[in-house]
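Notes follow once the structure below has been shown.
Throughout, protein chains are lettered first and strands after them, A, B, ... in sequence-line order, and every chain is numbered starting at 1. Because the structure is a prediction, the values reported are computed rather than measured.
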Amino acid sequence: MRLGAGKIEGILLDADYKDTENASVIRLFLRTESGIKHFEFPSFKPYFYILTDGSLTEKKLLEIEFGEKAAKILAAERMEFENAENAFKIYFSKVSDLMACREEIKHVKGVLEKREYDIPFSKRFLINNALQPMNMIEIELDKEGNATSAKAKELQKSKFKIYSIDIETYSPGKFSSAKKDPIMMISVAGKDYSKVFSYKKKLAKLEFCKIMQNEKAMLEAFVQELKLLEPDIIVTYNGDQFDFPYIKERCKINGVDFKINSDKTEPSASRKGMDTAFRLKGVQHLDAYQMVAFLTRFQVINLIKYDLESVSAALLGKPKDKFDFKNIQEVWEGEKGIEALAKYNLEDSQAAFEIVQKYLPLSIEVCRLGRLTLYDASRITGGMLVEQLLIIKSFEQNLIVPSKPHESTVTERMSQEVEGAFVREPTHGLHENIAVIDFRSFHPTIIITHNVSPETIDCEHKECASGKNVSPTGHYFCEKNQGFIPRNLAEVLKQRFAFKNEFKKAKKSDENYDLLFAKQWAFKIVLNSFFGYLGYPRSRWYCRECGNSILAWTRHYIKQTMHRAEQDGFEVIYGDTDSAMLKLGKKTREDLEKFVEKVNKEVPKPMELELENFYKRGIFVMQKSGNKAAKKRYALIDYKDNLKIVGFEYVRRDWSNIAKQTQKEVIEAVLKEGNPEKAAQIVKKRITDLKEGKVPKKELVVFSEIQKPLEKYDIINPQVSAALKARKKGVKIEVGTIVGYIITRSGKSISEKAELEEFVQEGNYDADYYIMNQVLPAVERIMQELGYTVEDLKHGGKQTKLF
DNA sequence: TAATTCGCTAGACCGA
DNA sequence: TCGGTCTAGCGAA
């Protein structure tokens with residue numbers, strides 16, 4: 001359609017391919033000055049590799065027919081790879097021909113293996129042409145308007161057109177069903193833009209409402225508006241599962257064209273792992289719920305609950321009022337309070353919009369790093385991101401990519417046991433003047449230091465078998481040739497440190513502050529995912545013995561460091577995986593710094609021990625049962641009075657606020673003020689409040705995730721019991737639902753007493769439970785270290801002794 | 001379709 | 001009714 005040769009610039013939004021009768025053709029979607037356009041690349045053909053015994057020729061390959069349609073290889077080319085022999089690159093006209101061939105090629109005489117046959121065509125194009133979605137690219141067009149080349153342009157700060165949408169649906173029964181229940185309203189929010197589409201006349205007086213005749217007209221107006229706005233990104237909150245499939249179904253029922261893809265076709269749900277995702281072509285669908293899951297996976301954020309209200313409150317500091325959906329039917333039909341519903345609908349869109357604004361830079365860095373569309377980048381896992389990066393590196397370094405393992409291999413790999421890290425049993429009690437030291441990027445630096453890689457393990461060189469890369473497991477790694485994994489990981493590590501340093505120097509007011517934060521974090525994500533990927537059963541670069549060797553080295557190095565510290569006169573009080581806690585005693589900070597320096601002269605580069613911080617005071621407690629000090633739970637306070645609480649109930653979502661808050665205040669009184677009497681008073685006060693029935697229910701909620709279908713539980717614990725009761729009342733409980741429950745006064749066992757928060761009246765709580773099973777256990781072992789018993793705590797101070 | 005192990009704790013379940 | 005065992009969930013690294 002587009003005629004005339006020339007160049008076009010634009011932001012790359014998407015890549016896919018289109019099938020014509022004879023060919024599969026790559027298309028790139030660009031945000032150009034005149035809107036979102038797509039361009040076709042007919043010269044790029046689908047391909048994969050075969051490894052042969054050397055007996056095959058190009059001519060022979062071209063004669064073979066595959067599948068029912070007798071698909072043929074378009075062209076075959078001999079290839080030279082460092083890590084494979086007698087390889088051919090075989091091209092096809094269509095992806096369907098490739099698929100037919102890859103099924104049958106193993107039966108061709110002379111073919112030993114197929115490789116890179118499962119890399120999607122459009123992803124292949126982005127990888128091979130070094131194209132980064134969400135970045136500027138330049139395309140060259142020939143006279144017919146076909147694109148002949150595409151190349152990345154210089155990095156630039158991009159502004160995207162982002163609009164967020166949300167729907168409210170009619171739900172006379174328990175849940176809405178797209179087949180019969182209409183959409184009541186649709187909100188759209190963007191920068192300086194707010195609109196709600198509906199069809200209730202009463203809403204007309206709200207300036208942001210656009211009122212149509214009926215649902216059909218509303219849907220038409222909404223689709224029309226999207227076409228007009230032409231966003232680069234459409235944001236939803238759970239649009240993968242709910243909004244988009246629902247809108248699509250309602251459009252179908254009402255006979256409305258839902259052609260919002262940038263190529264004017266209808267979008268559809270696609271599989272993404274176990275779930276379905278909703279992919280748009282060109283314009284990118286960014287599901288903020290998926291984005292939040294992504295941020296959680298990579299520990300950028302840590303939230304208790306993942307509904308939009310909680311996420312908005314936690315990330316934006318804006319608590320949203322929850323609409324009372326119990327009466328939604330009356331509201332809609334009687335129109336009483338319907339304005340509040342419209343406002344609520346709009347606020348949902350706005351909240352999702354703002355969440356995306358805040359974290360989009362990180363997702364965009366992942367797009368660039370992995371040459372992934374925003375749709376893919378925002379839903380990717382750590383393992384998949386590492387794999388993508390290694391595929392890119394293989395292409396750049398002229399290496400052929402290993403295949404994914406068969407299912408039987410995966411099962412076998414899953415059954416392999418691996419010994420993990422070392423955790424030292426702490427010295428319990430209250431300690432003063434503590435230093436925490438740790439190895440920065442421990443796993444990655446061990447991989448690089450000892451050249452750990454699937455191709456370097458137990459190499460044929462005799463010298464390597466007794467050299468510096470012999471792991472405590474007995475396996476050894478080549479000293480002569482740097483492995484694929486360490487080589488590329490070293491590059492990631494270097495970039496991560498560079499960006500991290502740049503970010504540290506940056507000021508919040510700097511223009512590129514957010515960008516630097518995103519960059520260093522994106523590299524951190526990849527860096528930390530490499531080790532897991534080596535031991536991940538579906539990995540293409542799986543190496544269990546590599547993983548075991550790395551872990552054996554972590555145990556070796558941290559124990560050695562602790563030993564050295566003791567030799568130098570420090571008291572080691574704790575350590576976990578990559579860290580050690582030292583009591584300075586009579587030693588000075590300078591002594592400690594010298595010690596760190598000394599260790600760093602001993603350990604090979606790029607391994608490095610760092611001083612994390614000095615702490616004024618710290619406390620370690622005993623296990624609840626068993627006569628040992630508890631690992632992975634402690635509290636520290638630094639010299640600026642910052643508390644660091646680790647592992648305790650305070651950081652866990654499955655404890656009530658009242659227990660957590662009391663624990664925090666107790667820790668504060670003990671560590672900051674060194675005042676256990678005050679701590680005892682705090683506990684006493686809480687017990688009194690509980691007894692008097694004064695405690696508001698939001699302080700009593702315990703959160704827990706339902707991790708499997710309710711029927712599948714062998715043991716009915718409190719959260720399952722509460723969930724089962726709630727389901728009967730019409731609450732939707734799915735795998736992954738996080739329920740908040742309260743222990744009430746009605747029932748015998750704790751499970752019987754558990755009810756979802758929303759069904760509990762203020763004041764209806766089992767005070768005894770909250771005293772004996774929440775508040776006291778949370779503070780008991782802390783106070784025990786200071787010589788206080790539970791009885792002391794109940795009375796608000798130490799009981800006078802008889803003597 | 002999916003990174004891992006180590007560790008702690010609660011509360012149900014179950015047999016004596 | 002008691003205490004041991006098991007299921008379940010979450011956090012540290």
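- The NZ-P distance, from A/Lys748 to C/dT1, rounds to 11 Å in whole Å.
- Residue contacts for A/Lys632: at a heavy-atom cut-off of 4.0 Å it reaches a base atom on one of the strands shown.
- At the phosphate of C/dC10, OP1 or OP2 sits under 4.0 Å from a side-chain N or O atom of A/Arg653.
- Under the 6.0 Å cut-off for aromatic ring centres, A/His285 and A/Phe244 qualify, their centroids lying closer than that.
- Between the OH atom of A/Tyr542 and the P atom of B/dA2 there is a distance of 16 Å, rounded to whole Å.
- A donor and an acceptor atom, one from each side chain of A/Thr744 and A/Glu755, are nowhere located under 3.5 Å apart.
- In this structure, of C/dA8, C/dA13, B/dT9, it is C/dA13 that holds the atom nearest to the side chain of A/Val646.
- Looking at A/Ser270 and A/Tyr375, their side chains do bring a donor and an acceptor atom within 3.5 Å of each other.
- Considering OG1 of A/Thr381 and CD of A/Glu387, their distance stands at 9.0 Å, rounded to 0.5 Å.
- The shortest heavy-atom contact between A/Asp118 and A/Lys404 is OD2-CD, 3.8 Å.
- Here the nucleotide nearest the side chain of A/Pro777, chosen from B/dT9, B/dC6, B/dA10, is B/dA10.
- Looking at heavy-atom distances under 4.0 Å, A/Thr381 makes contact with sugar-phosphate atoms alone, never a base.
- Taking every side-chain heavy atom of A/Pro537 into account, B/dT4 is the closest of C/dA13, B/dA10, B/dT4.
- Here the C1' atom of nucleotide C/dA12 and the NZ atom of A/Lys631 are 13 Å apart, to the nearest Å.
- Contact between the side-chain N/O atoms of A/Tyr713 and the OP1/OP2 oxygens of C/dT7 is not found at any separation under 4.0 Å.
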Practice problem: Would you sort out whether A/Arg555 and A/Glu419 count as a salt bridge (Lys or Arg N to Asp or Glu O under 4.0 Å), showing the intermediate values? | Solution: CA-CA 10 Å; A/Arg555 296 190 295 269; A/Glu419 187 187 342; 3.5 Å; yes
Distances under 3.5 Å between nitrogen or oxygen atoms of protein and nucleotides 12-16 of chain B:
| from | atom 1 | to | atom 2 | distance (Å) |
| --- | --- | --- | --- | --- |
| B/dA12 | OP1 | A/Ser751 | N | 2.9 |
| B/dA12 | OP1 | A/Ser751 | OG | 2.9 |

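- Atom CD in A/Glu425 sits roughly 9 Å away from atom P in B/dC8 (whole-Å rounding).
- Residue A/Arg538 has its side chain nearest to B/dA2 when only B/dA2, B/dA10, C/dC10 are considered.
- At a threshold of 4.5 Å between non-hydrogen side-chain atoms, the residues A/Ile667 and A/Tyr650 do not count as touching.
- Nucleotide B/dC6 holds its P atom 16 Å from the CG atom of A/Asp578, rounded to whole Å.
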Quiz item: If pairs are Watson-Crick or G-U with both distances under 3.5 Å, what is the dot-bracket string of DNA chain B, marking crossing pairs with [ ] and pairs to another strand with |?
Solution: ...|||||||||||||
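- With C/dC10, B/dA10, C/dA8 as the choices, the nucleotide that has an atom nearest any side-chain atom of A/Arg652 turns out to be C/dC10.
- Among the atoms of the strands shown, none is found under 4.0 Å from any heavy atom of A/Lys628.
- Between A/Arg544 and the phosphate of B/dT4, there is no side-chain N or O to OP1/OP2 separation shorter than 4.0 Å.
- Under 3.5 Å, the side chains of A/Asp576 and A/Ser579 contain no donor-acceptor pair of N or O atoms.
- Counting any heavy atom pair closer than 4.0 Å across all strands shown, A/Asn528 reaches no nucleic acid atom.
- The distance between atom CD1 of A/Ile738 and atom C1' of C/dC10, rounded to the nearest whole Å, is 11 Å.
- Between A/Glu387 atom CD and B/dA3 atom P the separation is 11 Å, expressed in whole Å.
- Phosphate proximity of C/dC10 to A/Gln707: present, with a side-chain N or O under 4.0 Å from OP1 or OP2.
- Donor-acceptor pairing under 3.5 Å is recorded for the side chains of A/Ser471 and A/Thr473.
- Taking atom OH of residue A/Tyr306 and atom C1' of nucleotide C/dC10, one finds them 12 Å apart after rounding to whole Å.
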Practice problem: May I have the step-by-step check of side chain to side chain contact (heavy atoms under 4.5 Å, CB included) for A/Phe442 and A/Met607, ending in yes or no? | Solution: CA-CA 7 Å; A/Phe442 206 20; A/Met607 288 181 62; 3.8 Å; yes
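- Distance from the side chain of A/Arg781 is smallest for B/dT9 among the nucleotides B/dT9, B/dG11, C/dA13.
- Phosphate proximity of B/dG11 to A/Tyr769: present, with a side-chain N or O under 4.0 Å from OP1 or OP2.
- The residue A/Tyr634 sits close only to the backbone: its heavy atoms come under 4.0 Å of sugar-phosphate atoms, none of a base.
- One finds a side-chain N or O of A/Lys708 lying less than 4.0 angstrom from the OP1 or OP2 phosphate oxygen of C/dA8.
- For the residue pair A/Gln774 and A/Tyr769, a side-chain donor N or O sits within less than 3.5 Å of a side-chain acceptor on the partner.
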